[in-house]
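Numbers here simply count residues along the sequence, with the first being 1. Treat the numbers as computed from the prediction; the structure is a model and nothing was measured. The basis for the numbers below is simple: all heavy atoms, side chains too, and nothing from hydrogens, waters or symmetry mates.
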Amino acid sequence: TFRHSQRTVPTVPALWATQAQQRWASSLPMNTVVLFVPQQESWVVERMGRFHRILEPGLNFLIPILDKIRYVQSLKEIVIDVPEQSAVSLDNVTLQIDGVLYLRILDPFKASYGVEDPEYAVTQLAQTTMRSELGKLTLDKVFRERETLNTNIVHSINQASDDWGIRCLRYEIKDIHVPPRVKESMQMQVEAERKKRATVLESEGHKEAAINVAEGRKQAQILASEGQKTEQINKAAGEANAVLAKAEAKAKAIRLLSDALAEQNGNAAASLSVAEQYVSAFSNLAKESNTILLPSNSGDISGMVTQAMTIYGSLAKQSSKKLESVSPEWAMEKSEELVPPAP
């Protein structure tokens with residue numbers, strides 16, 4: 001607390017005049033020669049109207065009449081309510097702001113003789129500094145950067161209060177009141193922002209769902225194509241194996257036929273087989289189509305068989321000539337196998 005002599009009674013605002021006047025009106029200690037100063041207090045003594053010394057806590061002695069206790073300064077941390085005031089932000093919004101100021105006296109001499117009323121001076125400095133700092137910020141930043149705003153106010157107060165022997169420890173904004181219309185617009189802005197976030201989240205959900213569906217279709221097509229590919233490969237391999245099997249069977253049948261023709265009476269057996277096939281072919285002609293093409297000598301079965309055997313003999317001779325051009329000895333062996341002996 002600040003306790004001054006009765007000669008220093010400044011004019012103070014009505015909002016906090018009661019508490020301050022109680023501190024100022026408290027009677028100063030009288031010079032009783034032997035004085036006991038309480039802890040965390042400093043008593044400023046004047047001798048014949050001039051500063052003499054500062055009494056420290058404990059036992060002290062003064063000269064009657066010549067020495068007088070003029071100021072009593074508390075060294076404890078002091079809490080001051082900063083009255084509500086109006087300020088205009090950077091975007092021209094009028095705000096009503098109040099706060100709490102925490103300070104401490106570091107130099108009782110400066111606090112007594114450097115300023116008329118330290119508490120009133122610091123309070124006014126806090127109000128003006130707060131208005132100045134609020135004018136640098138927009139309304140949105142005022143709510144988001146309250147900690148930064150408090151720090152800037154404390155720094156500005158300490159720069160000016162060094163000559164007063166006072167140190168501002170911290171400043172806290174209590175309440176910020178905005179006009180009703182601005183408050184409604186802020187609520188509408190918050191609702192719009194929430195709707196925007198909800199719409200964005202919904203669209204992102206649809207987007208992810210569409211991506212997942214497309215990815216699933218892509219994977220399904222890839223798997224289907226791989227299945228078709230495997231099926232075609234297996235089918236081609238099966239057809240190739242079937243062709244090879246047919247070719248091997250046919251080759252084996254031809255070898256067996258050639259071996260049979262090379263044996264005794266092979267031509268007679270071949271003639272019998274050709275005659276059977278000839279008769280079987282004619283028996284099926286009328287079943288498959290109404291149009292029938294018949295040779296001129298269809299009744300001469302022996303002639304047809306002789307003609308077929310003649311064609312077979314000529315083909316055997318041609319193949320023997322081709323084999324001779326490659327290797328005469330190998331061709332002679334093959335011609336003996338291909339051309340059956342005469343019956």
Side-chain angles (χ1 to χ4, degrees), residues 1-6 8-28 38-42 44 71-90 93-108 110-137 139 141-180 182-183:
T1 58
F2 303 99
R3 284 188 288 177
H4 302 271
S5 63
Q6 295 181 356
T8 58
V9 182
T11 303
V12 297
L15 292 174
W16 51 281
T18 302
Q19 183 179 2
Q21 287 176 356
Q22 289 179 356
R23 287 198 289 267
W24 294 329
S26 61
S27 59
L28 296 174
Q39 184 67 33
Q40 290 296 98
E41 283 191 5
S42 293
V44 180
Y71 300 100
V72 175
Q73 304 291 359
S74 175
L75 302 182
K76 300 177 183 179
E77 185 174 345
I78 304 172
V79 181
I80 302 175
D81 287 330
V82 179
E84 185 179 23
Q85 62 175 339
S86 62
V88 180
S89 62
L90 184 61
V93 178
T94 303
L95 305 175
Q96 297 293 330
I97 298 182
D98 57 357
V100 180
L101 186 64
Y102 300 85
L103 53 87
R104 176 176 291 171
I105 295 177
L106 301 180
D107 191 342
K110 290 183 179 180
S112 301
Y113 297 100
V115 62
E116 183 67 24
D117 183 2
E119 182 176 345
Y120 177 74
V122 172
T123 302
Q124 294 299 314
L125 181 60
Q127 289 181 331
T128 56
T129 304
M130 184 166 56
R131 284 195 294 266
S132 176
E133 292 295 330
L134 286 175
K136 301 176 183 179
L137 302 175
L139 180 60
K141 290 185 177 180
V142 169
F143 292 97
R144 290 199 303 264
E145 301 182 3
R146 294 182 65 170
E147 189 67 26
T148 304
L149 183 61
N150 295 336
T151 303
N152 293 338
I153 293 174
V154 170
H155 179 69
S156 300
I157 293 175
N158 287 332
Q159 285 183 338
S161 62
D162 286 340
D163 295 336
W164 304 340
I166 299 174
R167 185 70 178 177
C168 180
L169 303 179
R170 56 190 177 277
Y171 180 86
E172 298 292 340
I173 297 176
K174 291 199 298 184
D175 296 320
I176 300 177
H177 302 284
V178 297
V182 176
K183 188 175 181 180

Counterpart residues, salt bridge (Lys or Arg N to Asp or Glu O under 4.0 Å), relative to K136 (two or more places apart)
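Expected list: E133.
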Is it the case that more than 12 heavy atoms not belonging to H155 sit under 6.0 Å from its NE2 atom?
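Not buried by this count: 12 neighbours or fewer within 6.0 Å.
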Verdict with reasoning, V82 to K174, per side chain to side chain contact (heavy atoms under 4.5 Å, CB included)
CA-CA 9 Å; V82 179; K174 291 199 298 184; over 6 Å; no
Roughly how far apart are [X] [atom1] and [Y] [atom2], rounded to 0.5 Å?
X	Y	atom1	atom2	result
L134	L95	CG	CG	6.5 Å
I97	I176	CD1	CD1	4.5 Å
L101	E119	CG	CD	9.5 Å
R144	L149	CZ	CG	13.5 Å
L103	R167	CG	CZ	11.5 Å
I80	T123	CD1	OG1	4.5 Å

Using modelled atom types and a 3.5 Å cut-off, is there a donor and acceptor pairing between side-chain atoms of [X] and backbone atoms of [Y]?
X	Y	value
S161	I166	yes
E77	Y102	no
R104	I78	no

Distance-minimising heavy-atom pair for [X] and [Y]:
X	Y	answer
Y171	D98	OH-C, 4.4 Å
S86	Q96	CB-NE2, 3.2 Å
G114	W164	O-CD1, 4.0 Å
K110	G165	CB-N, 3.6 Å

Could you check whether Q40 and S74, counting side-chain N and O atoms only, form a donor-acceptor pair closer than 3.5 Å?
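No donor-acceptor contact under 3.5 Å links the two side chains.
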[Y] side chain reached by [X] side chain, heavy atoms, under 4.5 Å:
X	Y	answer
L75	P108	yes
V93	L139	yes
K76	E41	no

Decide yes or no on side chain to side chain contact (heavy atoms under 4.5 Å, CB included) for M130 and Q85, but give the supporting numbers first.
CA-CA 9 Å; M130 184 166 56; Q85 62 175 339; 2.4 Å; yes
As a test of understanding, state which of V122, L125, I157, T129 forms a side-chain contact (heavy atoms from CB on, under 4.5 Å) with C168.
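Going through the options one by one, the only one that passes is I157.
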Go through it in stages, so that I can follow the logic: the residues are R170 and N150, the test is side chain to side chain contact (heavy atoms under 4.5 Å, CB included), and I'd like the CA-CA distance, side-chain angles, deciding distance and then a yes or no.
CA-CA 7 Å; R170 56 190 177 277; N150 295 336; over 6 Å; no
